[in-house]
Amino acid sequence: MDLIDKIKEFRNFPKKGIQFKDFSEILKSPLTLRYVCDEISKYYHTKDVDVFAGIESRGFPIACALAIKYNKGMIMIRKKGKLPGKTTQTQYKTEYEKSVMEIQNDAVKKNQRIIICDDLLATGGTAQAAAKIIEKRHGKVAGFAFIIELTELGGRNVINKYKCKTLIQY
């Protein structure tokens with residue numbers, strides 16, 4: 001299946017100079033979403049993961065779909081102020097903003113193996129911050145799963161100590 005046909009591009013979103021890659025069409029098709037999960041599952045064995053983590057918000061449906069396929073749980077990594085209870089935070093920078101992400105303190109169990117999911121790997125700043133916050137909570141990053149990778153931005157180099165699966169490279 002050619003996933004590139006399912007990616008829409010939006011110029012100057014969310015700010016001027018950015019060419020946004022939108023994977024929403026993938027989510028609209030159960031067949032395509034199943035294909036995405038099947039392709040990622042060829043890379044990660046069910047014994048290698050205890051739970052999936054989705055990065056807000058576009059990583060949520062990917063993590064959730066994989067969690068169902070693997071019969072595992074799913075946790076959320078969210079922007080500051082979106083989670084109730086006690087949280088652990090970390091700051092990060094993307095190609096167009098600085099932000100803070102957080103996770104609930106009880107979301108990760110010690111030594112739990114976690115695959116972190118998001119729609120896109122660009123500079124690696126968000127992915128690196130997600131790994132950092134999982135490790136702060138004493139979890140183990142088992143790897144990353146992305147739909148899209150913007151290779152020229154070098155994000156894979158930032159997270160190169162972890163396994164990483166992407167399905168589309170630009």
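No experiment lies behind these values; they were computed from the predicted model shown.
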> Is Glu102 reaching over with its side chain to a backbone N or O of Gly81, donor-acceptor style, under 3.5 angstrom?
Replying inline: yes

> Taking all atoms of both residues into account, what is the closest heavy-atom pair of Glu135 and Val141, and its distance?
Replying inline: OE2-CG2, 3.9 Å

> In Å and rounded to the nearest 0.5 Å, what is the NZ to OG1 distance from Lys93 to Thr126?
Replying inline: 12.0 Å

> Going from OG on Ser99 to NZ on Lys79, what distance comes out if it is rounded to the nearest 0.5 angstrom?
Replying inline: 5.5 Å

Between side-chain atoms of residues 31-39 and protein atoms elsewhere (two or more places apart, or another chain), which donor-acceptor pairs fall under 3.5 Å?
from: Thr32; atom 1: OG1; to: Ser29; atom 2: OG; distance (Å): 3.0
from: Asp38; atom 1: OD1; to: Lys69; atom 2: NZ; distance (Å): 2.8
from: Glu39; atom 1: OE2; to: Lys42; atom 2: NZ; distance (Å): 2.8

> Is there a path of hydrophobic side-chain contacts, each under 4.5 Å between heavy atoms of I, L, V, M, F, W or Y residues, that connects Tyr70 with Met74?
Replying inline: no

>> Regarding Asp119 and Arg58, does a basic nitrogen lie under 4.0 Å from an acidic carboxylate oxygen?
In response: yes

>> Among residues at least two apart in sequence or on other chains, which ones pass ring-ring contact (aromatic ring centres under 6.0 Å, His included) with Phe144?
In response: Phe146, Tyr162

>> For Met101 versus Ile77, what's the shortest heavy-atom pair and its separation?
In response: SD-CG2, 3.4 Å

> Taking all atoms of both residues into account, what is the closest heavy-atom pair of Val51 and Gly73, and its distance?
Replying inline: CG2-O, 3.1 Å

>> Taking Ile159 as the starting point, is it possible to reach Ile134 by hopping between hydrophobic residues whose side chains are less than 4.5 Å apart?
In response: yes

>> Counting only heavy atoms from other residues, nucleotides and ligands, does the tally under 6.0 Å from NZ of Lys132 exceed 12?
In response: no

> Run the side chain to side chain contact (heavy atoms under 4.5 Å, CB included) check on Glu56 and Lys82 step by step: do they pass?
Replying inline: CA-CA 10 Å; Glu56 183 168 343; Lys82 303 274 184 146; 3.9 Å; yes

>> Please check: side-chain N/O of Tyr43 versus main-chain N/O of Lys163, any donor-acceptor pairing under 3.5 Å?
In response: no

> So, does Asn105 use its side chain to make a donor-acceptor pair with the main chain of Thr88 at under 3.5 Å?
Replying inline: yes

> If you draw a 6.0 Å radius around CG in Asn71, do more than 12 non-hydrogen atoms from other residues or ligands fall strictly inside?
Replying inline: no

>> Within the structure provided, determine whether Thr90 and Lys136 are in side-chain contact (heavy-atom separation under 4.5 Å).
In response: yes

>> Taking Ile7 as the starting point, is it possible to reach Met1 by hopping between hydrophobic residues whose side chains are less than 4.5 Å apart?
In response: yes

> How about Leu121 and Ile148: do any of their side-chain heavy atoms sit closer than 4.5 Å?
Replying inline: no

> If two hydrophobic side chains count as joined below 4.5 Å and joins carry through other members, does Leu120 share a cluster with Ile55?
Replying inline: no

>> Less than 6.0 angstrom from the centroid, inside 45 degrees of the normal: does Lys21 satisfy that with respect to the ring of Tyr170?
In response: yes

> Would a 4.5 Å heavy-atom cut-off, applied to side chains only, mark His138 and Asn111 as touching?
Replying inline: no

> Around atom CD of Glu152, are there more than 12 heavy atoms of other residues, nucleotides or ligands at under 6.0 Å?
Replying inline: no

> So Ile114 and Ile75, side chain to side chain contact (heavy atoms under 4.5 Å, CB included) or not? Walk me through it.
Replying inline: CA-CA 9 Å; Ile114 300 167; Ile75 60 175; 4.3 Å; yes

> Within a strict 4.5 Å, meaning less than it, do heavy atoms of the Lys140 and Gln112 side chains meet?
Replying inline: no

>> Show the nearest heavy-atom pair for residues Pro61 and Phe23, with the distance to one decimal.
In response: CG-CZ, 4.4 Å

>> To the nearest 0.5 Å, what is the distance between CD1 on Ile18 and CD on Glu97?
In response: 10.0 Å

>> Working note: Val158 + Gln128, criterion side chain to side chain contact (heavy atoms under 4.5 Å, CB included); need CA distance, chi angles, decisive distance, verdict.
In response: CA-CA 7 Å; Val158 173; Gln128 183 181 48; 3.6 Å; yes

> CD of Gln19: more than 12 outside heavy atoms within 6.0 angstrom?
Replying inline: yes

> Which atoms form the tightest heavy-atom contact between Cys164 and Arg156, and what is the distance?
Replying inline: O-NH1, 3.3 Å

> How does the hydrophobic cluster around Phe20 look, that is, which other residues are in it when side-chain heavy atoms under 4.5 Å mark a link?
Replying inline: Phe10, Phe13

> With a 4.5 Å heavy-atom cut-off, do Cys117 and Leu66 have their side chains touching?
Replying inline: yes

> Will you find, in the side chains of Arg78 and Thr87, an N or O donor that is under 3.5 Å from an N or O acceptor?
Replying inline: no

> Is a side-chain N or O of Asn12 found less than 3.5 angstrom from the main chain of Gly17, in a donor-acceptor match?
Replying inline: yes

>> Distance check, rounded to the nearest 0.5 Å: Asp2 atom CG versus Asp5 atom CG?
In response: 4.0 Å

> Can you check side chain to side chain contact (heavy atoms under 4.5 Å, CB included) on Phe60 and Met76, steps first, answer last?
Replying inline: CA-CA 7 Å; Phe60 293 170; Met76 297 179 289; 3.8 Å; yes

>> Hydrophobic cluster membership, with links at side-chain heavy-atom distances under 4.5 Å among I/L/V/M/F/W/Y: are Tyr92 and Val108 in one?
In response: yes

